Number of protein chains: 2
Amino acid sequence: MARSNKERTEATRLALIEAARRLFVDRGYADTATPDIVAEAGVTRGALYHHFEDKKALFRATLEREAEAVAAHIDTVSLPAGSPREALLLGAAAYFDAMAVPGRTRLLLLEAPAVLGFESAGAIDRDNAEGTLKAGLSDLIGKGADAARLQALTDLISAAFDRAAIAIETGADRKAYEDAVASLLDGLVRA
Amino acid sequence: MARSNKERTEATRLALIEAARRLFVDRGYADTATPDIVAEAGVTRGALYHHFEDKKALFRATLEREAEAVAAHIDTVSLPAGSPREALLLGAAAYFDAMAVPGRTRLLLLEAPAVLGFESAGAIDRDNAEGTLKAGLSDLIGKGADAARLQALTDLISAAFDRAAIAIETGADRKAYEDAVASLLDGLVRA
DNA sequence: CAATAAACATACAATCTGTATGTTTCTATC
DNA sequence: GATAGAAACATACAGATTGTATGTTTATTG
């Protein structure tokens, strides 16, 4: 064969992450055993524990990959921006698109907080989406608002986005939720 | 001693639920072992598995107890209602009060969805808070709105409430979050 | 071409969950 | 109030899982 160590590492890490993602998505973190993961990935537990400190570290790696994919998708779309309102609505739509990939809401919004805790899971969000959202909201409501208020609003709207994404993947009427999001944002303009 | 069976059952069930609550709150469901629970409760695993089908059933029982406590607290306060807006804001404040009991957000908003799944966890919500909230929102925005839109709005506002409760327990400025909630609701009136 | 390290494999110890089986305590009925 | 039966509890066990320790193979480096 003659693969370099870097290639070997990359290949097995990827195989493990992809296998883990599949199993985590349809059984959940707790009900997925490491022997199953390595079987699905075609490696042994030795390889798993060589590349990851423990099962939780593997989960964290799959989450990071997933969050990056979401961020990447959003980045491709949100460039053309008109009014602050339009920008936010486009961003929301892009977020819903990105989160529509099967299993994504489960991984990022359901399992992640429980497995990693509010803080660590929130940190992943913060690195990715939250900054953009906060900036958008700041544009929307005007620079006048103080920091605490802007932070609170961002947090609440972010939660609404997440819930909408969940509802949409669960089979709810997407248009109804996009309209509801728009209502919330429109309400803020006046306030 | 001479305790009736009903008394014995009630006592051990309660001891188990309270012990489980303590441990679930500060270690999480996954990191809490049944031997620890029964030790804390002063019974044996035999008793646990006699009264509950499995560990998950015990968790469900603690959750139900917790959700009832929240509902009970809210019921005591939300009786005096002026305008729809006032009613919702009072309800929100009552909810934040109720959720300020240590561990409650973790149990109800973090662990529950992950352990029981979106559906079962959502069902507990639906039995308790959601109906009231939906009625309040219906009063706020007028009866004109169609069902899908009202449902979506309820869902989103409910998510915002939950996130606010989490932020508040995590140490955020409560007033900022209550104001933000008020902003969201006020925005809906006009829309 | 050694010698070292990285990548992987296997074996093991500790723990945990759920069940099966045994014992004690109450309840019901004669 | 003695006895049969059931409910409540205790103990013992089987299977599975996690993380570690110990080998073995494959690549890298001087």
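Within every chain, numbering begins at 1; the chains are lettered A, B, ... in the order of the sequence lines, protein sequences first and strands thereafter. Values below: all heavy atoms of this structure, side chains included; hydrogens, waters and symmetry mates excluded. These figures come from a predicted structure and were not determined experimentally.
Whole-Å rounding puts the A:E10 CD to C:dA7 P distance at 12 Å. One interatomic measurement links the two molecules: CG of A:D31 to P of C:dT17, which rounds to 13 Å at whole-angstrom precision. Distance A:E7 CD to C:dA6 P: 18 Å, rounded to the nearest Å.
Between B:K175 and B:D179, at least one side-chain N (NZ, or NE/NH1/NH2) sits under 4.0 Å from a carboxylate O, which counts as a salt bridge.
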Practice prompt. Go along nucleotides 10-24 of chain D 5' to 3' and tag each nucleotide: B for a protein heavy atom under 4.0 Å from its base, S when only backbone or sugar atoms are that close, - otherwise.
Written response: BB-----SBBB----

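With B:F24 as the fixed residue, the side-chain contact (heavy atoms from CB on, under 4.5 Å) test singles out one of B:V115, B:L107, B:D31: B:L107.
Of the possible donor and acceptor atoms, one in the side chain of B:R106 sits under 3.5 Å from a partner among the backbone N and O of B:V25. Put simply, the side chain of B:Y95 never gets that close to the backbone of B:V70: no donor and acceptor are under 3.5 Å apart.
Criterion: ILVMFWY side-chain heavy atoms under 4.5 Å apart, direct or through other members. Under it, B:L23 and B:L14 are not part of a common hydrophobic cluster.
Between A:H51 and C:dA6 there is no side-chain N or O to OP1 or OP2 distance below 4.0 Å. A:T12 has a side-chain polar atom (N or O) that falls below the 4.0 Å cut-off from OP1 or OP2 of C:dC8. A close approach under 4.0 Å does occur between a side-chain nitrogen or oxygen of B:H50 and OP1 or OP2 of D:dA8.
The closest side-chain donor-acceptor pair between A:R149 and B:S183 falls under 3.5 angstrom.
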